[in-house]
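Letters go in sequence order (proteins before strands), and every chain restarts at 1.
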Amino acid sequence: MILMNDISKTYIIGGEQVHALKNANLHIGRGEFVSIVGPSGSGKSTLMNIIGCLDAADSGEYILDGLPIGNYSQKQLAGIRSRKIGFVFQGFNLLAKMTAEENVELPLIYQGVKLSERKARVSRALSKVGLSDRSRHRPAELSGGQQQRVAIARALAADPAILLADEPTGNLDSKTGMEIMKLFLELHQNGNTIVLITHDSSIAKLAERRISILDGHVEDAV
Amino acid sequence: MSIQVLKMAWSAIASNKMRSFLTMLGIIIGVIAVVVLVSLVTGASDSITGEIQALGTNLLSVRVLDDNGHPVTLSDLKRFGKENEIGLIAPSLSFGATVKHRSETYEADAVGTTGQYDDIRGIKVKHGRFLKAADINNNSSVVVIGHEIAEELYGKSETVGETLSIGGRSFLIVGVLEESGSMISNDDQTVYLPYTVASRMVKRPNITAFVASPATDDIDSAEEKLNQLLMRQFRQDEDSFILINQSALMDTMNSVTGTLKLLLGGIAAISLMVGGIGIMNIMLVSVTERTREIGIRKAIGATRGNILMQFLVEALMVSLIGGVIGLMISWGILEVISSVAGEKVSFSMSPQVIGLALGFSLMIGVAFGLYPANKASKLHPVEALRYE
């Protein structure tokens, strides 16, 4: 599903070169639940951005679901993001002015899905995360855990190849965090490929497989 | 997708009503300025050209300044009138006269002329008749009076058969003119009497002014012919007379009002432009404020084109709504001005002005919305998501 060979990424911050990723190698198969663990500054955000096609690597080879990502234009990358990747962020990143339903619907609009099918997929996604009864609420009217569920529903609605979660429990208390993790485990049981990025090893160990990242080096402990 | 873009733009505008309204205000004021000014100039110039038309555009008028010992007489006019290019011709001897009826007096303009004058000038008789050749030949003491004189002296317009006196001489009213209502001609306050009678009353034996109409629609060749005749009459001295072509006057008037329209419209367009800059300003602020939103949208699959369209449609919607509100207010303002100005002048919005205003506000929306929209679309998703 995800294959990375010798991926490197260098940023220039304040005139100094920062090697965020150095020759990273990674292999994640279909249906796996993998956690990527590392302290802050280890390059895990950069790795997530590259996996999520939000950013392009400087060198190396990245194949996502059989597609070599490299020479794509911004427009094509947006298309790949919309079809292949479902993002779940630490800060939920829901649009505050829209209801839960509308937030979940948005990626489908960008995919050009027809209205009737959109409605069906939105309600299916919301029922998967157990929020069918909250579909008309705005994010401000929902608890943190509920907001994150909406975000997960939004990621699921587009039927992505992988779910990419960046510290999904970081803004939640531990009890709610565990509920979200349970949801991820459930989704994994149903066949979704999930990549979870976190600095919290107690969360990370719930995954099938752990990959550590430190100072830009990826240690793929198979 | 397109409906969704409209919905998104509308919800963005509706979510910040005060700001949207203030932004629109620039466009509203600009559109009002353009529409009202252009409509006012159009209305005013239409009424002025209407007045000139009422005087007769097919009219040549001549004033003799210095006859050089070769005075123009009625028989000269008759001779001029026989030329192929010239149609009707009539003297016009104007003087001020105090018109009396019993104890009532009226300060009128008096014109001594002949029977063709009403046709040349397009004057319409309401009651009775205009002057006739026989009146002139017989030095008859008859007058045709303007509508206002009849109303002032007799309190009614049907006054044919009544008598009045001018300079101690008694006249029989043979005709009353229709009310012209004109602001620049004084037909309503004029009394017309036979040229021969007037000439003797004011002791001016020679013709000092006359009017003529062309035989065909070709007024320019009539003007040329008349000019030739007068040059011969006055021994090639071009300073001894003035020949005015009314249709040339009309052309000049039209070009003046055209220039005025362009000038005022141009000045008003500048205010519309300022409104556009307001839109750009707010859209730039809005792009910065919504950086995170843009990042989220991009992360979940929005292309640059999607983001560009979203912000562009928003700018367009603001300018177009502003344009429509501006048009409605302009309509109200013009209605009020029209009702105050009375029925002589009508200030209405022409479809062209409406089209111009809407087209212009759309153009402003695109021109000033494009830069912020493009800026939004170019934001890098990673940096946009990190933006607090």
The interface call for A:Ile80 against chain B, heavy-atom contacts under 4.5 Å, is neither

When every non-hydrogen atom of A:Tyr110 is compared with those of B:Gly301, the smallest separation belongs to CB-O, 3.8 Å

Value for CG (A:Asn49) from CZ (B:Arg386), rounded to nearest 0.5 Å, stands at 7.0 Å

Got a sec: does the CE of B:Met250 have more than 12 other heavy atoms crowding it under 6.0 Å? yes

For this session: Kindly check if the number of other-residue, nucleotide or ligand heavy atoms within 6.0 Å of CZ (B:Arg19) is above 12?
Result: yes

>> Measuring only between side-chain heavy atoms, which start at C-beta, is B:Lys7 closer than 4.5 Å to A:Glu102?
In response: no

The interface call for A:Arg83 against chain B, heavy-atom contacts under 4.5 Å, is neither

Worksheet item: Does a side-chain heavy-atom distance below 4.5 Å link A:Leu106 with B:Met8?
Response: yes

Honestly, the part of B:Arg297 sitting under 4.5 Å from a heavy atom of chain A is both

If one checks every heavy atom of B:Gln310 against chain A at 4.5 Å, the contacting part turns out to be side chain

Do other residues, nucleotides or ligands put more than 12 heavy atoms under 6.0 Å from B:Met309 CE? no

From the list A:Leu95, A:Asn103, A:Leu94, side chain to side chain contact (heavy atoms under 4.5 Å, CB included) with B:Ile296 holds only for A:Leu95

Under 4.5 Å to a heavy atom of chain A? For B:Ser11 that would be neither

Shortest non-hydrogen pair, B:Ala302 vs A:Ala78, comes out as O-CB, 3.6 Å

Of the listed A:Gln76, A:Gln111, A:Arg154, A:Met98, the one with the largest count of heavy-atom pairs under 4.5 Å with chain B is A:Arg154

Taken to the nearest 0.5 Å, the spacing of A:Leu115 CG from B:Gln4 CD works out to 7.5 Å

Note: A:Leu54 and B:Pro381 closest approach over all heavy atoms is CD2-CB, 3.6 Å

On a heavy-atom basis, the closest approach of B:Ala299 and A:Phe89 is CB-CZ, 3.8 Å

Ranked by heavy-atom pairs below 4.5 Å to chain B, first place among A:Ala158, A:Gly52, A:Ala96, A:Ser82 goes to A:Ser82

